[in-house]
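Residue numbering restarts at 1 for every chain, and letters A, B, ... go by the order of the sequence lines. Keep in mind the model is a prediction, meaning the values are calculated, not measured.
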There are 2 protein chains.
Amino acid sequence: MHTYEEIVQKMASQGLRITDQRKTLAKLFAESPGYLAPKAVYEYMGKSYTGLSFDTVYRNLRVMEELGVLEQVVFEEGVKFKLHCREHDHHHHMICLQCGRTYPITYCPMEQTLVPDDFKVVKHKFEVFGYCKDCAQDEPALGEG
Amino acid sequence: MHTYEEIVQKMASQGLRITDQRKTLAKLFAESPGYLAPKAVYEYMGKSYTGLSFDTVYRNLRVMEELGVLEQVVFEEGVKFKLHCREHDHHHHMICLQCGRTYPITYCPMEQTLVPDDFKVVKHKFEVFGYCKDCAQDEPALGEG
DNA sequence: TTCGCTGCAAAATGTTTGCATAGCC
DNA sequence: GGCTATGCAAACATTTTGCAGCGAA
């Protein structure tokens with residue numbers, strides 16, 4: 001688990017300056033269990049900074065992604081960010097459609113998948129979407145496709 | 001397998017008018033084995049139509065998607081379209097990174113995935129990316145990730 | 001003091017919409 | 001001929017870039 005301090009330290013060790021904004025970003029992602037859209041990050045940050053600009057948020061998200069602090073995932077609704085998985089073992093995720101929280105799945109379907117010899121596998125994606133314990137209560141019978 | 005005729009017929013049966021452009025679209029997707037980006041479709045269409053506009057291509061792609069003729073998938077590089085899978089059985093895909101061609105995977109990882117009782121699964125995504133037989137030859141040692 | 005970070009503005013990109021006209025049925 | 005589809009232009013959303021000034025180290 002990345003703590004606030006670890007994130008700040010990682011940024012500092014790479015020569016980045018630790019501004020108030022980046023502190024807030026570090027804190028936000030350290031405390032957020034799931035994926036955050038850039039807009040959500042911007043709105044959260046906006047509470048603390050009046051003159052905040054969207055582009056700086058973008059810039060910092062990208063910088064943090066390049067540092068390996070954050071990871072970016074493309075959803076149907078757009079791009080989102082979360083703390084980079086600390087687990088080094090290959091794994092997948094269950095993702096809550098409500099809160100964006102993720103849970104690891106250790107099982108990898110590639111073990112069972114029959115791939116023809118003439119298909120050269122480069123990567124794969126396995127994601128399970130649904131509602132986590134907390135959110136399932138709020139969304140009693142949400143049908144979705 | 002959707003043929004050109006089936007696509008045209010489906011559009012006509014829904015009250016859509018069969019214009020030259022839509023005929024060309026139907027033919028393009030009937031003959032294309034894999035995913036096509038809107039831009040690729042536009043460029044292909046542009047060969048035949050001088051005054052072609054991007055928005056009409058978009059509109060028609062969306063109309064065809066709403067009809068169930070096409071399906072839309074979000075990739076990292078953006079949105080792409082292909083013929084809607086005719087197979088009714090639940091399945092997944094191997095997708096060639098070069099030509100976009102897809103191959104069905106009948107195995108579904110959800111069978112093996114341990115999901116906690118308190119997580120309400122809504123949907124899942126399983127995709128294998130790589131190079132198909134034809135493209136693997138052209139891309140001898142493409143490291144990616 | 002230095003050099004990176006920020007906000008502003010504008011550009012680049014991808015997608016959608018309104019409207020008059022052309023064209024399918 | 002009626003009504004839909006098209007092209008044009010412009011709106012819109014998202015992301016990137018240039019630049020002058022502020023601020024962390």
Margin query: Quick check: on DNA chain C, is the nucleotide nearest B:A12 upstream (toward 5') of the one nearest A:Q21, or the reverse? Name the residue that is more 5'.
Written below: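 Closer to the 5' end of DNA chain C: A:Q21.
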Notebook entry, point to check: Closest nucleotide of DNA chain C for A:G51 versus for B:E77: which of these residues is on the 5' side?
Noted result: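 It is A:G51 whose nearest nucleotide is closer to the 5' end.
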Item checked: Side chains of A:L61 and A:E65 in contact at under 4.5 Å (non-hydrogen atoms) -> no
Integer-rounded Å distance: [N] [atom2] and [X] [atom1]:
X	N	atom1	atom2	answer
A:I18	C:dC3	CD1	C1'	15 Å
A:M45	C:dT6	CE	P	8 Å
A:M11	D:dA25	CE	C1'	15 Å
B:Y42	D:dG7	OH	P	9 Å
B:Q14	D:dA5	CD	C1'	17 Å
B:D55	C:dT21	CG	P	18 Å
A:Y49	D:dC22	OH	C1'	15 Å
A:F75	D:dT14	CZ	C1'	17 Å

Ignoring hydrogens and angles, are the base of [N] and the side chain of [X] linked by a donor-acceptor pair under 3.5 Å?
X	N	answer
B:N60	D:dA5	no
A:R59	C:dG4	no
B:R17	D:dC3	yes

Checklist line | Proximity of B:F75 and B:Y35 rings by center, below 6.0 Å | finding: yes
Out of [options], which has the shortest distance to the side chain of [X]?
X	options	answer
A:T56	D:dT17, C:dT6, D:dG7	C:dT6
B:R62	C:dC5, D:dT6, C:dT16	C:dT16
A:R22	D:dC8, C:dT6, D:dT6	C:dT6
A:K39	C:dG14, D:dT14, D:dC8	D:dT14

Check: Is it true that the NZ or CZ of A:K123 lies under 6.0 Å from the centre of B:F129's six-membered ring and within 45 degrees of the ring axis?
Finding: yes
Next item on the list: Classify the ring geometry between A:H92 and A:F126 as parallel (under 30°), tilted (30 to 60°) or perpendicular (over 60°).
Entry: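 If you compare the ring of A:H92 with that of A:F126, the planes turn out perpendicular.
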Notebook entry, point to check: Which part of the nucleic acid, if any, lies within reach of A:T19 when heavy atoms closer than 4.0 Å are counted: base, sugar-phosphate only, or nothing?
Noted result: sugar-phosphate
Notebook entry, point to check: If every non-hydrogen atom of B:A26 is compared with every non-hydrogen atom of B:V8, which pair is closest and at what distance?
Noted result: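 Where B:A26 meets B:V8 most closely, the heavy atoms are CB-CG2, 4.0 Å.
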